[in-house]
Amino acid sequence: MPDNISAALLSWYDANARTLPWRSAPGPYRTWLSEVMLQQTQVATVIPYFERFTARWPDFESLAAADDADLMSAWAGLGYYARARNLLACAREVAQRGALPDSEAELRTLPGIGGYTAAAIAAIAFGRRAVVVDANVERVVARLFALEEALPGAKPRIHALADSITPQERAGDFAQAMMDLGATVCTARAPACLACPLRRACAGFAGGAPERFPLKARKPDRPLRHGTIFWAERDGHVLLVRRPAKGLLGGMRALPTGPWTDSPPGLADAPFDADWRIAGAGVSHGFTHFRLDCALATATIAEHSGQVTGEWWPVAAIGDAGLPTLFAKAAKALGRGR
DNA sequence: CATCCGTGGGT
DNA sequence: TACCCAAGGAT
């Protein structure tokens, strides 16, 4: 049965593989870059970022020489900004070593490369047999075997089952085929079982309710937190700061804020004394594990007193500052965004 | 092992 | 609308 599954899937893939930028001119650099961008991020979102990155930084050497701020700005909007910091650290390490290692174990030691990404690069870029398990594979496997054990506890079991159906040859194509299948046929909400090449082998389909798998524990509600975002304008420029390297939106250029709190903090934590005014509209933003409501405070000043650490950015070019979405929303709400 | 870490698409 | 979900990794 395992051989039947991989053969049927590879045959389907040969006829139905998606055309994706990283599948043309393949190689270690493009495979690595795409896999990092695709972590917890959908294909449609990644494509324009991948195109811009590969046009500007076509190989490890050019990326390794990139300016940190330029890299972070180019990543702005893609989320999970630790990926961008690790991307740069990884590129510099690879440039120093001369090449990306081709074994799972060595790949696994590089910044930003965990178990999934190491397996994916080994299989896709280097033709190694590796067991590649992402959320698509988890879903397809859970349905194929009608797995009653819930995630995340079922991960070891799913990995073993994925191993059992991974072929000795073409493991990279097999992995990509599983992900294409999960993204286009074996989807989370309404799987298109009648179009599935694995239908006859699928215990979930046989049971009549494949969409029930994989079982998952319900996630707790996200708490609501509050903050204030400060828009300080002087002579056509707005004050921007660099957030601390670690933590939320770490390392990103940003508008000044105070810490997030359980109730609206108002004008506490303003970057300097001024005639701050709360704007009529605020911004709401959802993060992975909490929701955030922010008031917007504005001040226009002739010159600031005291030390202000940050940079004064042309308001007309605020769209080029590389701001994370929360702050891009704030600029837009104030009529300064694009 | 549980938390933390973004964002946009789809329903 | 509110929620689930996505080519996960680091701590």
Side-chain angles (χ1 to χ4, degrees), chain A residues 17-18 20-23 30-50 72 75-87 89-90 107-125 130-140 151-153 155-156 159 162 172-184 186-191 211 214-225 243-252 254 260 284-292 323-329:
Chain A
R18 288 178 290 177
L20 301 171
W22 41 92
R23 289 178 180 171
R30 292 165 67 86
T31 299
W32 163 75
L33 178 62
S34 67
E35 288 302 339
V36 173
M37 287 184 164
L38 286 161
Q39 290 166 3
Q40 291 288 285
T41 310
Q42 297 183 152
V43 164
T45 303
V46 165
I47 286 176
Y49 283 88
F50 182 83
M72 299 307 288
W75 196 275
L78 199 52
Y80 284 142
Y81 298 100
R83 291 186 295 173
R85 301 193 299 274
N86 288 329
L87 192 82
C90 185
L107 286 163
R108 184 71 179 73
T109 68
L110 293 168
I113 299 184
Y116 160 77
T117 305
I121 294 172
I124 296 170
V131 181
V132 182
V133 182
D134 75 326
N136 288 298
V137 176
E138 286 180 347
R139 185 171 58 256
V140 172
L151 288 171
K155 283 179 180 289
H159 188 278
D173 284 345
F174 177 79
Q176 296 183 87
M178 289 286 277
M179 294 188 275
D180 277 20
L181 188 75
T184 64
C186 195
T187 56
R189 298 289 176 81
E211 69 283 355
L215 279 63
K216 292 185 182 181
R218 189 187 181 285
K219 292 169 184 172
D221 292 339
R222 292 183 299 172
L224 176 62
R225 308 179 75 177
R243 291 180 62 83
K246 295 185 177 180
L248 190 76
L249 309 176
M252 298 300 290
W260 317 132
S284 293
H285 192 70
F287 291 103
T288 303
H289 54 293
F290 68 95
R291 294 170 297 131
L292 180 65
L323 296 178
T325 298
L326 169 66
F327 302 110
K329 279 185 182 177

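Numbered from 1 within each chain, the chains take letters A, B, ... in sequence-line order.
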For the pair made of [atom1] in [X] and [atom2] in [N], what is the distance, rounded to whole Å?
X: A:Leu224; N: C:dC3; atom1: CG; atom2: C1'; result: 16 Å
X: A:Ile47; N: B:dG8; atom1: CD1; atom2: P; result: 16 Å
X: A:Arg291; N: C:dA2; atom1: CZ; atom2: P; result: 8 Å
X: A:Arg85; N: C:dA10; atom1: CZ; atom2: P; result: 11 Å
X: A:Tyr81; N: B:dG8; atom1: OH; atom2: C1'; result: 12 Å
X: A:Leu78; N: B:dG9; atom1: CG; atom2: P; result: 12 Å
X: A:Lys329; N: B:dT7; atom1: NZ; atom2: P; result: 8 Å

Practice problem: Quick one, give me the B/S/- string for nucleotides 4-9 of chain C, reading 5' to 3', where B means a protein heavy atom under 4.0 Å from the base and S means that only happens at the primed atoms, P, OP1 or OP2. | Solution: B-BBBS
Quiz item: When rounded to the nearest Å, what value does the distance between P atoms of B:dC5 and C:dA7 take?
Solution: 23 Å
Quiz prompt | Under-4.0 Å salt bridge between A:Asp180 and A:Arg23 | solution = yes
Quiz item: Reckon A:His285 has a side-chain N or O less than 4.0 Å from the OP1 or OP2 of B:dG6?
Solution: no
Quiz prompt | A:His289 side chain near B:dC5 phosphate (N/O to OP1/OP2, under 4.0 Å) | solution = yes
Quiz item: Any chance the side chains of A:Arg139 and A:Asn136 put a donor and an acceptor closer than 3.5 Å?
Solution: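 The criterion, which ignores hydrogens and geometry beyond distance, is satisfied for A:Asn136 and A:Arg139.
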Quiz item: Which atom names give the shortest non-hydrogen contact between A:Leu107 and A:Ala118, and what distance separates them?
Solution: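 Here A:Leu107 and A:Ala118 meet closest at CD1-O, 3.6 Å.
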Quiz item: Looking only at heavy atoms, what is the nearest atom pair of A:Ala84 and A:Met72, with distance?
Solution: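 Nearest pair, atom of A:Ala84 first, then A:Met72: CB-SD, 3.7 Å.
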Quiz item: Is A:Leu249 touching bases, backbone alone, or none of the nucleic acid, heavy atoms closer than 4.0 Å?
Solution: sugar-phosphate
Exercise. Decide yes or no on ring-ring contact (aromatic ring centres under 6.0 Å, His included) for A:Trp75 and A:Tyr49, but give the supporting numbers first.
Key: CA-CA 8 Å; A:Trp75 196 275; A:Tyr49 283 88; 7.2 Å; no
Quiz item: Got a second to check how far A:Trp32's CH2 is from A:Thr117's OG1, nearest 0.5 Å?
Solution: 11.0 Å
Self-check item: Geometric class of the A:Phe290/A:Phe287 ring pair [parallel <30°, tilted 30-60°, perpendicular >60°]
Solution: tilted
